[in-house]
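Data block below; observations after.
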Amino acid sequence: MFAGLSWTAAAAALLLALPASADSLYTKSSPVLRVDAKNYDQLIARSNHTSIIEFYAPWCGHCQNLKPAYEKAARNLQGLAKVAAVNCDDESNQAFCGSMGIQGFPSLKIVVPSKKAGRPSVEDYMGARSAKAIVDAVVDRIPNHVKRIGDKSLDSWLKEGNSSAKAILFTEKGTTSALIRALAVDFLGNINFAQIRNKGKGAVSTFGVSSFPTLVLLPGGEQDAIVYNGEMKKGPITEFLSQIAQPNPDPAPKKAKASNKAKDESKAKKKASEDSAAYSSASASHLADEVAGATSITLEESSVPTESPEPGAAPSDAPKPVDVPDAPEPLPTLETSEQLRKACLGPKTGTCILALVPAVKDSETVLPEAATVALGSLSEVAHKHKQRHGHLFPFYALPVDNADAVRVRDALSVNTDSDVELIALNGRRSWFRRYVGEGYGHEEVEKWVDAIRLGEGKKEKLPEGLVETEEQPETHDEL
Ligand SMILES: *[C@@H]1O[C@H](CO)[C@@H](O)[C@H](O)[C@H]1NC(C)=O
Ligand SMILES: *[C@@H]1O[C@H](CO)[C@@H](O)[C@H](O)[C@H]1NC(C)=O
């Protein structure tokens, strides 16, 4: 398996493998759920939700390349499906990976719950390795426990399970959104879900529905229907439904041993509810919907990401560069990979300057002097231009704890523990330039910035894969 690696890379991989925490491709803070041989059954196989699992080895280049897209898919699918990863390089997972038939890295499998608890169907995902293709494929496989009913079938559905709680979504759509399906999974066995199209005039008037989508909760028995009028997001909807019935804890609480059963149970419950809170409160920051049947699981393994332009790639959502009248302001910091992408690494982003600096954990952290000087010089240059109302590209600080900082450093061959490094880059034109001046004094840095401004000096080609060119996944968290 090491055949394709140079000796140094293999040695580095072995060295990296020494501390237990360093060998996982996904950190604790990653949106990707870390799964292993021990918890696979509980977290994935016994879940009522669909999951996708990446089986990987940390040293594998294709796995590293997949990481940004996979994390993006995970963010996009939060609260809708599970996006997980198993490190097959970890000795304790090797037998498990073998039993899953893993022969190469990365291998992606979609796990869809079946009627039999704990016996899901597992299929290989052979689609494109882009966030969009992954999201589409997974969304397509979210179980659908939402009954589509019309005027004629309303009565009989209402009578089914007479006293149990029910939720009806009135919608203009002919499809069943990922969000309502995910909610139905969360409340499986506790609330029955149905969807009625706005064409069902009888039902619409029975419930006095005047706009779409509208969600109505029927507590069961003789109790009155409650109309939801909050935000159409998973978090608040879950809270609304929870006044009648709780979502199933996922993972289900472990069965406790006889001895200190009560204690363990309450622990397990607490843990489970924490886990499920983390899972279901999952963000809902996007808007559009519609599965659109756009699943494309036809492309080959090594398919190249498509070149279609990304919506929202303009740096508008990134932290704004300095905007100050009198005194130089500190450089804005790119804290998340999303901010980094929008500011500097999008296929449409123009020139920007990144100051690669160590992590700034809190206000007490002292940066190395070179970093402080460099940041000071940049903010002075920015300030000067601001005062002259000159147009200048933005400057940002990129601390090493940004989830993508190491990837950027690796791609540009910047040492991870270098005190400071200034890089100018242009995503659209795919070039970068490194600052190689003497020290980081104001004048030297300004000379460099001016040269870039005037297009002087030699540029290098940005390594492939640094700027994201893939299509953005659609969002699916609307009713
Ligand atoms: C529903 O339950 C109520 C009370 O339990 C009962 O009176 C009623 O007959 C039931 N309706 C149906 C259709 O089963
Ligand atoms: C799965 O759904 C069933 C109801 O069909 C429920 O009893 C169970 O708790 C759910 N399991 C999980 C892990 O959510």
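Atoms within a ligand are numbered from 1 in the order they appear, just like the ligands themselves.
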Exercise. Return the set of residues passing ring-ring contact (aromatic ring centres under 6.0 Å, His included) with Tyr228 (not counting sequence neighbours), or none when no residue passes.
Key: Phe240
Quiz item: Could an N or O of ligand 2 be found under 3.5 Å from any N or O of Asn48, whether backbone or side chain?
Solution: yes
Quiz item: Does Phe187 have any ring-ring contact (aromatic ring centres under 6.0 Å, His included) partners at least two apart in sequence or in another chain, and if so, which?
Solution: none
Exercise. Please report which non-hydrogen protein atom sits nearest to atom 7 (O) of ligand 2, along with the residue it belongs to and the distance in Å to one decimal place.
Key: Asn248 OD1, 4.4 Å
Exercise. Output the list of atoms in ligand 2 that are nearer than 4.0 Å to some heavy atom of Arg46, sorted by atom number.
Key: 13 (C)
Quiz prompt | Residue part near ligand 2, for Pro249, under 4.0 Å between non-hydrogen atoms | solution = backbone
Quiz prompt | Atoms of ligand 2, numbered as shown, that sit under 4.0 Å from any heavy atom of Ala252 | solution = 13 (C)
Practice problem: Please report which non-hydrogen protein atom sits nearest to atom 4 (C) of ligand 2, along with the residue it belongs to and the distance in Å to one decimal place. | Solution: Leu188 O, 3.6 Å
Quiz item: What do you reckon, are the aromatic ring centroids of Tyr40 and Phe96 less than 6.0 Å apart?
Solution: yes
Quiz prompt | Test: Asp186 and Lys234 ion pair at under 4.0 Å | solution = yes
Quiz item: Knowing that exactly one of Ile44, Val111, Ile110 qualifies, which makes a side chain to side chain contact (heavy atoms under 4.5 Å, CB included) with Val122?
Solution: Val111
